[in-house]
Amino acid sequence: MRDDLIKNCYISSFDIEDSSLKHLMIIGTKCLIDNKLQRNVYVDNNRLKDELIYFNFYESKPQYSDVLNVLLPLILSNTNIQKSEEEVLALIQKYVRYLKKEQYLFDYILASVLYNSLIHNLIDNKDMEYEEILQSIKEKVIGLQIELDKTSMIKFQMARIKAIQVIDNYIDLKICDYEENEIITNLLNVIYDIYMEDREVINEGLLSIKKSILSILSADANLNIDNIDFISSMAMYITKLRKYSINKSSYNTSSDPRSLINLNKGDTIVDPILNKIQVISKDFCDNVLRISIKSKSGQYTFSFKRV
């Protein structure tokens with residue numbers, strides 16, 4: 001029963017149009033390592049670094065700030081809420097740097113704690129009421145301990161106080177409209193919309209979050225999404241990670257997407273990041289070389305600009 005819940009939540013997060021977020025969620029899944037001894041699942045940072053280098057050549061970064069579902073594979077794969085929180089906090093800080101969102105660092109940190117708590121609590125008890133959920137995530141924000149220098153700690157404490165005030169407002173049903181870069185408020189808006197009054201979200205990142213939560217509460221996953229066989233296999237992979245049955249090894253090589261430049265149409269190779277791939281087209285136009293490849297995870301078009 002719980003496995004089905006986990007799989008549906010994962011699959012539902014992909015029921016959106018934005019390929020950039022979907023690719024980042026796939027990357028997040030591929031970088032997970034199960035640690036049976038420590039009873040947690042963590043991110044292979046070496047692999048994540050190379051995955052994001054590849055991503056830069058075949059995809060653009062999301063154009064919105066509501067990217068919390070890059071954390072969803074990590075959250076779902078961990079069974080312990082506290083160990084999950086520790087890993088989530090480390091991962092979101094890497095994405096803040098990668099996406100160049102440093103000005104919103106503390107909002108992302110706090111929102112990540114909220115989201116981790118929300119997903120774990122709903123998986124354990126999907127019958128939680130609206131106010132109960134907000135009180136629970138408020139307690140997580142109050143209890144959060146992180147190490148920072150004095151100047152950063154002052155800024156963090158101000159962000160924490162603001163977040164607590166916003167949560168209190170939503171408990172009292174004093175809500176705001178969705179707004180770009182309001183990461184915490186937008187997450188609370190999704191929760192409000194699900195439990196109190198449905199409204200239209202403003203971007204695909206929030207839609208992904210909303211569908212993930214709804215799938216835990218009641219909705220079945222949409223099985224008509226693109227590349228559903230692969231996404232379903234990755235959802236199954238998440239459930240196996242939770243049982244520490246993969247025993248995945250660390251990524252101990254290095255990869256460079258520019259090696260693809262030497263391939264020709266029809267070539268098939270095993271790439272360290274994309275696994276078995278086949279080149280389906282290669283063309284040069286307007287000073288850009290485009291190479292389209294097909295892999296189990298989907299089709300990618302890499303673009304290399306001539307310097």
Side-chain angles (χ1 to χ4, degrees), residues 13-14 16-32 43-71 73 91-105 108 180-181 203-205 207-208 225-231 233-234 249-307:
S13 69
F14 287 85
I16 57 175
E17 297 297 326
D18 183 31
S19 62
S20 61
L21 180 59
K22 290 194 283 188
H23 277 133
L24 289 175
M25 291 190 291
I26 290 172
I27 286 172
T29 310
K30 291 163 63 180
C31 292
L32 297 177
V43 174
D44 186 333
N45 290 322
N46 289 331
R47 172 146 198 165
L48 178 62
K49 180 186 70 175
D50 280 2
E51 287 276 4
L52 292 178
I53 290 173
Y54 271 62
F55 179 88
N56 290 336
F57 284 93
Y58 66 76
E59 188 60 90
S60 57
K61 297 175 183 178
Q63 299 301 303
Y64 43 81
S65 296
D66 303 293
V67 295
L68 290 179
N69 258 2
V70 299
L71 305 172
L91 181 58
I92 195 60
Q93 292 180 70
K94 292 181 176 64
Y95 269 111
V96 166
R97 290 191 294 271
Y98 173 68
L99 297 172
K100 302 187 185 305
K101 298 283 187 179
E102 287 89 351
Q103 68 192 100
Y104 304 110
L105 172 61
Y108 275 113
E180 291 293 345
N181 300 321
N203 59 54
E204 294 277 280
L207 182 61
S208 178
I225 63 176
D226 292 339
N227 207 14
I228 183 60
D229 290 342
F230 175 74
I231 300 302
S233 70
M234 295 298 266
S249 300
S250 298
Y251 176 80
N252 57 7
T253 186
S254 61
S255 310
D256 189 336
R258 288 170 294 188
S259 63
L260 300 174
I261 293 173
N262 298 321
L263 299 177
N264 296 308
K265 182 178 178 180
D267 286 353
T268 299
I269 65 165
V270 176
D271 179 83
I273 290 297
L274 298 173
N275 297 315
K276 186 177 180 180
I277 61 172
Q278 182 179 31
V279 179
I280 57 177
S281 69
K282 183 176 182 180
D283 65 83
F284 185 79
C285 182
D286 297 330
N287 232 25
V288 177
L289 176 65
R290 292 180 177 84
I291 302 175
S292 293
I293 62 108
K294 184 177 181 181
S295 73
K296 185 178 180 181
S297 57
Q299 185 169 317
Y300 303 81
T301 298
F302 287 77
S303 296
F304 304 95
K305 294 181 180 179
R306 174 178 283 176
V307 179

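Residue numbers run from 1 in the order of the sequence given. As a basis for the values below, the full set of heavy atoms in this structure was taken, side chains included, without hydrogen atoms, waters or symmetry mates.
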If we only count heavy atoms from C-beta on, is the [X] to [Y] side-chain gap below 4.5 Å?
X      : Y      : result
Ile16  : Leu21  : yes
Asn203 : Glu180 : yes
Lys30  : Asp44  : no
Lys94  : Asn45  : yes
Leu274 : Lys296 : no
Pro272 : Asp50  : no
Leu99  : Pro62  : yes
Asn56  : Lys61  : yes

For [X] versus [Y], what's the shortest heavy-atom pair and its separation?
X      : Y      : result
Phe14  : Ile26  : CE2-CG1, 3.6 Å
Gln278 : Gly266 : NE2-O, 3.7 Å
Glu51  : Cys31  : CG-SG, 3.9 Å
Tyr251 : Ser255 : OH-OG, 2.7 Å
Ser295 : Ile277 : CB-CG2, 3.7 Å
Lys276 : Thr268 : CE-CG2, 3.7 Å

As an exercise, state the distance from [atom1] of [X] to [atom2] of [Y], rounded to the nearest 0.5 Å.
X      : Y      : atom1 : atom2 : answer
Asn227 : Lys22  : CG    : NZ    : 9.0 Å
Tyr300 : Ile280 : OH    : CD1   : 12.0 Å
Lys49  : Ser254 : NZ    : OG    : 7.5 Å
Ser19  : Glu59  : OG    : CD    : 3.5 Å
Ser303 : Asp286 : OG    : CG    : 11.5 Å

Is it true that a side-chain atom of Lys282 and a backbone atom of Leu263 form a donor plus acceptor pair closer than 3.5 Å? yes
Before giving the answer on side chain to side chain contact (heavy atoms under 4.5 Å, CB included), spell out for Tyr95 and Leu48 the whole-Å C-alpha distance, their side-chain angles and the decisive distance to 0.1 Å. CA-CA 10 Å; Tyr95 269 111; Leu48 178 62; 3.9 Å; yes
Indicate the ring-plane relationship of Phe302 and Phe304, choosing parallel, tilted or perpendicular according to the 30° and 60° boundaries. parallel
Would Ile273 and Arg47 count as a side chain to side chain contact (heavy atoms under 4.5 Å, CB included) here? Give the steps. CA-CA 8 Å; Ile273 290 297; Arg47 172 146 198 165; 4.2 Å; yes
Could you give me the CA-CA distance, side-chain angles and deciding distance for Ile27 and Val70, then say whether side chain to side chain contact (heavy atoms under 4.5 Å, CB included) is met? CA-CA 9 Å; Ile27 286 172; Val70 299; over 6 Å; no
Verdict with supporting geometry, Ser20 and Asp18, side-chain hydrogen bond (donor to acceptor under 3.5 Å, both in side chains): CA-CA 6 Å; Ser20 61; Asp18 183 31; 2.8 Å; yes
Would you say Asn69 and Ser208 are linked by a side-chain donor-acceptor pair, where the criterion is simply a distance under 3.5 Å? yes
Are Tyr58 and Ile293 close enough, and set up right, to give a side chain to side chain contact (heavy atoms under 4.5 Å, CB included), and what steps lead you there? CA-CA 10 Å; Tyr58 66 76; Ile293 62 108; over 6 Å; no
